[in-house]
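Order of the sequence lines sets the chain letters (A, B, ...), proteins ahead of strands, with each chain counted from 1.
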Amino acid sequence: MTDTALGTPGAADHGHATSTGISNTKLAMWVYLGSDCLLFGSLISTYLLLRHRSVGGPTPEELFDIPFTSVSTFVLLMSSLTMVLAVSSLMRGDVRLNRIWLGTTAMLGAVFIGGQVYEFTTFYREGLGYTTNIFGSAFYTLTAFHGVHVSVGIVMLMSMLVMSFRGNLGPERSETVETIGLYWHFVDIVWIIIFTVVYLIP
Amino acid sequence: MFTTGSKTFLGIGAFSLFLAALYGWTTGGTGLGPVTAGYNGGVGDHLGYTLLVSFGLLGIFLGLVAVATRDAESNALAELAGMETAPAEAVPAGRAFEPAVGAFGAGLILLGLVVSNVMFVVGLFLLLAVLIEWMVRDWSDRATGDPAANRMIRNRFMAPLEIPIVGILIVGGAVGAFSRLLLTSSVLGAVAVAMGLGAVILLVGILFASRPTLSPNLIAGVLVIMAIGVGVAGVGAASRGERVTEAPNESTNEDTGTGNKAFIPPGTNKSTTTTVPEGEG
Amino acid sequence: MTTITDNEPAEAPVGHGHDLPSDAQYVKITLILAFITVLEVGTYFIEEATTTLLVGILVPMMIVKFLIVAGYFMHLKYDNPIFRRVFLFGLFLSVVVFGVMLTTFGFFSSDFLQILR
Amino acid sequence: MKLRNSGLVKALLGVPILLALGACATDAPLDSLNPKGPEADAIQNLVVPVFAIAAVVFVLVEFGVLFLAIKFRRRKDDDSLPVQHHGNFKLEIGWTILPALVLAGVGAASVFTLFDLADTPADAQEVTVIGQQWWWEYRYDVDGDGEDDIITANDLVIPVGQPIALTIQSRDVIHSFWIPALNGKRDAVPGRAQPLTIEADEPGVYRGQCSEFCGLSHSYMRMRVVALAAADYKTWQDNQLTGADVPQEALAKKGLEQFRISCSGCHLASGPGGDADIYKGTAQVSGAAPNLTHFASRGVFAGSIFDLWLDTNVNGEVDTEEIGKIFNVADVKKWLRNPPAEKPMYPQGGRGMPNLQLTESQIDALVAYLRTLE
Amino acid sequence: MAIIERSSDILALPPGAGVARAPMGVFSRPRAKTGWRSWVSTVDHKKIGIMYGASSLFFFVIGGIEALAIRAQLAAPGQKLLSAALYNQVFTMHGVTMIFLVVMPMGAAFMNYLMPLQIGARDVAFPRLNALSFWTFIFGGIFLNTSWFLGGGADGGWFAYAPNTGVIFSPSHGMDFYAIGLQITGIASLVGGVNLVVTVLNMRAPGMTMMKLPVFTWMSLVTQVLLIFAVPVISVALFLLTFDRLFGANFFNVQQGADPLLWEHLFWIFGHPEVYILILPAFGIVSEIIPVFSRKPIFGYPFMVFSGIAIGFMGWGVWAHHMFASGLGPISVAAFSVSTMFIAVPTGVKILNWMATLWGGKISFTTPLLFSIGLVAMFTIGGLSGVTHAVAPADTQQTDTYYIVAHFHYVIFGGALFGFLGGFYFWWPKVFGYFLDDKLGKVHFWLTLVGFNLTFGPMHILGLQGMNRRIQTYRDGYGFNFWNFVSTIGAFIIALSVLIFFVNIARSKRGAHLQSAPGPDPWDGRSLEWSVPSPTPEHNFDDDPVVVHFDDWWHRKYQADETGRVVKVHEPEEIAMIGDGSRAHLPAPSYWPIVMATAFPLIGYGLIFNLAISFVGGLVLLGSMVGWALEPSDDEDQLPHGHDGNGHDDGDDDHAAPAAEREEVTVGD
Ligand code: HEA
Ligand code: HEA
Ligand code: CUA
Ligand SMILES: [Cu+2]
């Protein structure tokens, strides 16, 4: 559950050393990400298995718009950069920079999602509905799961921003931002795989 | 008996139910449908009707809870605290944007009745939101004599509702605007637009980041302008409509996309025509 | 804006044992990633690329990007090894299990064997 | 304490005894430990030693536990601490490696058997088996021209001593083809064609049951293999290759008319070739119905839940000479009167045979007609 | 908007009116310590553990009644007690209920209650998330079972092979309930899994290194790790099925080119680790009980730990042994067949190490021990039949027969449930402060053992004689009659034994005041939970325990004297904590977990019946997420508390509270 990180800004264990010396929330996020590997593993392998089994068109080759998806990929990549800058700025204690980078990251994420909406709409216009063929079902499911992850990430970033403006996101909480950053980068990693495996390798 | 809070809630509830019935009839409900939840007739537009009824029931439920707990009643409080007198109820002060928005919503509803369903629903939502906001504030304003405490009470109740909705509106608005912009461009244009959007956001971020001396007001101003720009562009793009996509090309080409044709067993002997055994004739 | 009323001075930036990269380094890393991505996208324009060739080129690049993001952006390289173990275990399981699953479907029989040949 | 432990003895002893009894059961036509063909034999030869090993481990562990429980029970008033062993590395390594070795042996043996079973003998005769809700269809391509010449249901007729290479398919959901006396199961997975080899050593009837859960009537989806001596098989095959007999009797003729009206929408009764390919398999629900051309030559009907000939006894000892003696009029009539009452089906969804509201006289005529379809 | 905690301090009530701190009625922070409210809002791992236990017993009765219906229908050939349609629903729901709503939560009950105690922690890492897991699970379970009233239960078997579970072949809503209900319980498991893994790794008391963890805690850790990685796989499978059913996707539509084996793989990639999720907690429990009643340490602790890890690890490489007949091809079958066999190796190590623990011990035959020995004996039977399935050619004869049914009831009932029942007797005094009657307990044990073997023993025979599973009825003349009848009798004997268990609970509770109190350590236990009073005080430990040895508590009681002989040096009462909680600080209760959990069934019903309900559910979910986030994990309205000598100024009028509160939260989420 992704909301955990949202709701629980790393306060859990201050004052009490944990056995490993790391915070509960961050550990929990990593454990969750490990688990998410299996989620995307299942989805990606389902897609790989099914994509060329459609009985009728349209096929991936007919639809994919690689130039556009490449731009989306870059946008997400840049958002990873701004995310990491947000973390490092807060670690240095620069709340102002942190806010800027958080906001930038969220907006870049929104561009990515906007791109996905665009992509889905054009595919749909070109005749690929969710139920049209087996490629359609698999493709939309896989990419929508990724999109939902990104959207959840945007929501978390926005919450961070709200917290920051309320004065609750000082340097001592840089780990909260870092934890959410982990999630964000993970989503980026998944996209790295999807971009290669789904889009570039026919 | 009825505490202040409960009255407000019960009021919301009753009013919403009334609205629901009205809405039911105006959107094509038949017979007793709108008052019997469709048991005895039709209710017209399901979504709006269901929403209104849900709000109504919710209001009544909350009202009953408030009655049961004697919630937010200063006398009860005083009793609880073992005091002689209840804390005085202060008359609340504060800006009230509700009437304006509410009126706007009502206008939309009226217009919507004539012009379009979407408008009607939007108006309805606005009106409802205003009603709820208003009533909760009203209720909380009377809860205690301390404005700060009252605001706190209000927030504790409303924040879990407001924050996600506002958040969704913001993110959804941004995503919606971006996607409309992309959709209205040509295939290559979309690439350019996406690139441009990403670049602008990144550059503005870098700009702000590299100028620690920029005044917050300036930043806020730029952001507001950008937001408005995106919004206007989005609405414009939406009204321009999507680009015309080339007609779905009928591609049932045997070679593409059919690498693993489903294996279907041969047909059985089902026959729709004849069953004449050989030799008959 | 930040109204931190904690008496103690804010805890020094969380210690990661090692020094994390500086912002400039992050930018450099991103440029590397971007460069690889450009190469990836470039394969799209190779006219006569076979699937085998593409797999051979793209998958290694994908893995490199993956490792860079995980190692630097997610600090796996610097952080407590327990994170690495938890995450890599999940990743490992995922790759192996689903690899085996796809193998039982004969998924790799065409592409994969070609590479080996 | 003693008494109670002896209860444990009984309970534990019970299991192997029960197992032994199970293996000796005689009146069990589906007995999986009673092979009647080389493939099933191969499995049996693997199963016996594996069960023996399991039995040894079983005895060691169960009696070991009992022994420990008795030997080391705490006596009254004995409050002293026992010696505190924390472990014994060598011992533990020992009982890690020993089972591993045993299992390596078992593993090797099963892999060999597995690959043996996977080989289809070159001289095997091919039959296509198609499962659907809730009966089995068999198709024989006798002349090897790619067209199925014999289409029948419920009874899979094979020659004795001849390996049969089945290709198992499904028209709707997953089923599983299983004749315990001849070989293990193979699922009929829609979209796939799965191989399985069977061979019967002796003439006889070998029963089976669909063994992958396939919906409502899974329990009523049974089948049989009828193994015939070569000459008998030839006779059977020749009969199947000719068209259905033309009814002579008046009642049967009436039945044919009725059949054309009510039944021909689903069932076929004609010569080979004919309209065999009208159904193209486009719907996911099979919608198919058994070919009735040689209905009366079968021993069972309706997913093998009814016997068609009363002299075919349940235990599978069939005297092929006897076929055609006593037609099971009662059950056929029951079936025609209201099929869903005899076998849970879902005819509204295109799965199974609907109640056609036939009158008694129509039924009589139909039965007379069906009787002629030998 | 101001942040909303600190309500008390800013209320303009006259001084001295300290009682009425929150004027918000139901909206105020829950604070009850007793009564139903305390259960609804609790975040205490012990209360949550108890609720897990109680609900699993409740579902056990439901699943058991379903089992009795199955057995009644099969008592004689050709019976018509249950129609085919109903039978299919009953056995499906029996399997689903027993696996997901009985054995899994029963394991969770023990893990929740005991694991923090065994590692010396005050609570789990995320107490509110813990409550969320529980409520999500229970609502998921209720959701699943409401299908009975809303058009019929699921009818596709517990492993729900597509395409038989698609809308075409299973048009009722049963499978929708299955898919969404399991999705919901999956969320519960995932959240719980993350929580407990973090707890074990991070919340251990000083000195409690990984290789000093009690075996039960180790097995719980392995279980939770399995859960974390297995749940996403079934989640995806269920999503695909749901999308197929509700939105017309094509994942299992053969006509569109799908391959039904995809479902089989996804299900069993989850399903096989799942069976170890069921058994490992019970293995852990037995590893606690046997040493205590043999008065010896567990034999070969490292081997016990590593074999558990090995089982968990190897469990990922064997899933296709459920698919030996489905046409994988001989190479895959061979690989999976061999890999499956080798799971017997680590499991065998466990069995033999338990036997070695008994060896040379001074065994007292209490009820917990009887159940533990029962597990060793019965699980071995099930394990051995498991190895015979692993022999792939043999399995093609066995699969989908009652021989399989016998196997898995021997491992699950004879393994997992025996372990849990032993655990109930063992920890009951710790949890509730009174013993369960030992005499009745023994009756319970022997009846269970006899009934169990009568029920499931004959299934071996039936299966080998060719009786298929999942058949509504069988014909006379197949040799099935006698053993089926015996099996049915056995099932009713089990039912009797279960009734006796409940009678025992009721009687013992009523007679609790007559018993002598169990004291902190009634069995001469070994791990830390025995160092605190019974029932466990709310704050667990007065002071963080400091751990030196494996079996630390035992080592505090027993030490070597001058001659090197180990003797008892302390009575438990002398050194146990007294439970006054002077320095404890606890996470505050919260309503948000239960509120958030209601969102899931709402969304589920909405997907099935009317999206408007989902919309409401979605609002509840979002709202409670925000509410949750805004609520500090700590209720600073509570009475002042000392913490590590670090006083906290409660009069502080600071609105930016979280910053101030941060420094003294012991556990929170
Ligand atoms: C608690 C749950 C549990 C556990 C622990 C196990 C444990 C094992 N299971 Fe079982 N299994 C199930 C639950 C479980 N299973 C369920 C629910 C199903 C059916 C699902 C369905 O279809 O509905 C199933 C089905 C199932 C099948 C599929 C059968 C089929 O449908 O065709 C197979 C096949 O290999 C199998 C194998 C094994 C093996 C090898 C073990 C091993 O882990 C057992 C190892 C233990 C021992 C072997 C005993 C102790 C060892 C010694 C004393 C050492 C010496 C031993 C030797 C040298 C042999 N199981
Ligand atoms: C945790 C796992 C678990 C447990 C404990 C059980 C317990 C039992 N099981 Fe079950 N079983 C499964 C898991 C389990 N089962 C699974 C996974 C399947 C496969 C499903 C599928 O094929 O999809 C299955 C299938 C299955 C079948 C095969 C059905 C078929 O294939 O057609 C049978 C048949 O006899 C059966 C019987 C029993 C019996 C008699 C019990 C008994 O042990 C039950 C004992 C409990 C009771 C008897 C309850 C007693 C309580 C009372 C009676 C109190 C009454 C109180 C009041 C009225 C207030 N089970
Ligand atoms: Cu067909 Cu079961
Ligand atoms: Cu398994």
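Counting only heavy atoms from C-beta outward, the side chains of A:L97 and A:L85 never approach each other to under 4.5 Å.
One finds the CD atom of C:E40 at 4.0 Å from the NZ atom of C:K65 (value rounded to the nearest 0.5 Å). In this structure, OG1 on A:T105 lies 12.0 Å from CE on A:M78, to the nearest 0.5 angstrom. Separation of atoms OG1 (A:T59) and CZ (A:R51) is listed at 11.0 Å; rounding is to 0.5 Å.
Heavy-atom distances place both the backbone and the side chain of C:L91 under 4.5 Å from chain A. C:L76 touches chain A through its side chain: at least one heavy atom from C-beta onward sits under 4.5 Å away, while N, CA, C and O do not. Only the side chain of C:M101 has a heavy atom closer than 4.5 Å to any heavy atom of chain A. If you measure heavy-atom distances from C:I82 to chain A, the contacts under 4.5 Å come from the side chain alone. Heavy atoms of C:V95 lying under 4.5 Å from chain A are absent altogether.
Among the candidates C:F87, C:F83, C:Y26, the residue making the largest number of heavy-atom pairs closer than 4.5 Å to chain A is C:F83. By number of non-hydrogen pairs under 4.5 angstrom with chain A, the leading residue of C:I29, C:L54, C:V69 is C:V69. The choice from A:L48, A:T46, A:V87 that makes the most heavy-atom pairs within less than 4.5 Å of chain C is A:L48.
Taking the six-membered ring wherever Trp is involved, the centroid distance between the rings of A:H149 and A:F40 falls below 6.0 Å.
Other residues, nucleotides and ligands contribute over 12 non-hydrogen atoms within 6.0 Å of the CZ atom of C:F45. The number of heavy atoms from other shown groups lying within 6.0 Å of CZ (C:F89) is above 12. Atom CZ of C:F73 is surrounded by more than 12 heavy atoms from other residues, nucleotides or ligands within 6.0 Å.
When the heavy atoms of residues 188-200 of chain A are compared with those of chain C, the residues falling under 4.5 Å are A:D188, A:I189, A:I192, A:I193, A:F195, A:T196, A:V197, A:L200, listed by number. Below 4.5 Å, heavy atoms of chain C meet heavy atoms from A:I66, A:P67, A:S70, A:T73, A:F74, all part of residues 65-74 of chain A.
The aromatic rings of A:F123 and A:F64 are tilted relative to each other, their planes meeting at an angle between 30° and 60°.
Side chains of A:E178 and C:H75: a donor-acceptor N/O pair is present below 3.5 angstrom, by distance only. For the 3.5 Å distance criterion, the side chains of C:Q25 and C:S22 qualify, holding a donor opposite an acceptor.
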Checking A:W184 against A:S79 for the side chain to side chain donor-acceptor pair (under 3.5 Å) test, could you report, in this order, the C-alpha distance in whole Å, the side-chain angles of both residues, the deciding distance, and whether it holds? CA-CA 9 Å; A:W184 191 263; A:S79 80; 2.8 Å; yes
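Contact between A:S164 and A:V95 at its shortest, heavy atoms only, is OG-CG1, 3.9 Å.
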